Amino acid sequence: MSTNKNTYQLIDSGNFKKLEQVGPYKVIRPSPVAAWPPTQPSLWKDADGEYHRSDKGGGNWSWRGSSGSRPDSEDEFLIQIPPLTVKIRFTPFGHLGIFPEQLSNWDRIRNVSSQLAGQGEVLNLFAYSGLSTLSVLAGGLDACHLDSSKGMVEWARENAQVSGLADKKVRWIIEDVLKFLNREIRREKKYIGFILDPPTFGRGASGEVFKIEKDLPEMMDLLMQLCNNKPEFVFLTCHSTGFSPLALRRILEGRIKTPGNYLTEELSISESTGRLHPAGSNCVFYSNRVKL
Ligand SMILES: C[S@@+](CC[C@H](N)C(=O)[O-])C[C@H]1O[C@@H](n2cnc3c(N)ncnc32)[C@H](O)[C@@H]1O
């Protein structure tokens, strides 16, 4: 099998692990759902590195080679997720700076943003390394990018830089989600669309606790105040147990008061054999003014 060493490809999965080509490196990371045998066992033998999760939380990377350490050049490198360029790091938490199950949403976000170009600002919450934000900017809408982690906001800004989007209109905010939303409502701020991938549990910039089962309804109500319940689009994704695609749809349908359409699907990553690796829930609302 020939692999493109300039991008991301999920090669195979099985035995609760996934085998990924990330730029020049072939790595193995845990996959809590992969309770099936690998499809291509021979491809796993020459992996460069593996992330091992510890029972005590966290984990560590092990790398092939006599020193057991990763090559120097590996600290960070760029891959292409067209039209974006993305900085990759093998972080101590096992993250890479990209959630590839969002790939089809990034294309859709760019697409709907281009149809509404110049008409307003999009709010991206829990925005991580910024690929959704960059898709908004690439499409031609302004963005407000919010994450409680200073390091992640810096990473997203670097991605904007290497993607040639640093001159676009974006507000980079390091803050707790609920605190920020309440302030925006006091300022009577309005947004045209929303993107959010809420975690099961997260912490705000000053240690505030976000728990999806408790805080999601209030957060969605606050978002609706920021668009008078009439968004042009909402991309809501989730990886928490119980928040199925249908549940996400009900969460949006119960609040949105403008005619439109709902795309309701399981998030997935396409493996090199074409098999799909399940990776959470997705519901996209888009108004009758746009096509996905
Ligand atoms: C798993 S990531 C979301 C993935 C991302 N949307 C993507 O698909 O690329 C969760 C992010 O939410 C941020 N976060 C967690 N709790 C938060 C809070 N209370 N307020 C703001 N950001 C928070 C974290 O710093 C992290 O970057």
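Source: prediction; values computed, not measured. Remember, it's 1-based here, ligands and their atoms both numbered in the order they're listed.
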**Prompt:** If you measure only the distance, is there a donor-acceptor pair under 3.5 Å linking the side chains of S62 and E50?
**Reply:** no
**Prompt:** Between the side chains of Q102 and S132, is a donor N or O closer than 3.5 angstrom to an acceptor N or O?
**Reply:**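 Note: Q102 and S132 side chains miss the donor-acceptor criterion.
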**Complete:** Only residue of E271, K18, R275 satisfying side chain to side chain donor-acceptor pair (under 3.5 Å) with S13 is E271
**Asked** Would you find a donor on one side and an acceptor on the other, under 3.5 Å apart, between the side chain of T7 and the backbone of Q80?
**Response** yes
**Aromatic centroids of Y25 and W61 separated by under 6.0 Å** = no
**Protein residues having a heavy atom less than 4.0 Å from any atom of ligand 1** =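 Residues near ligand 1: F99, Q102, F126, Y128, L146, D147, S148, S149, M152, E175, D176, V177, D197, P199, G202, R203, G204, F210.
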**Message:** Is the ring pair H277/W36 parallel, tilted or perpendicular, if the boundaries are 30 and 60 degrees?
**Reply:** perpendicular
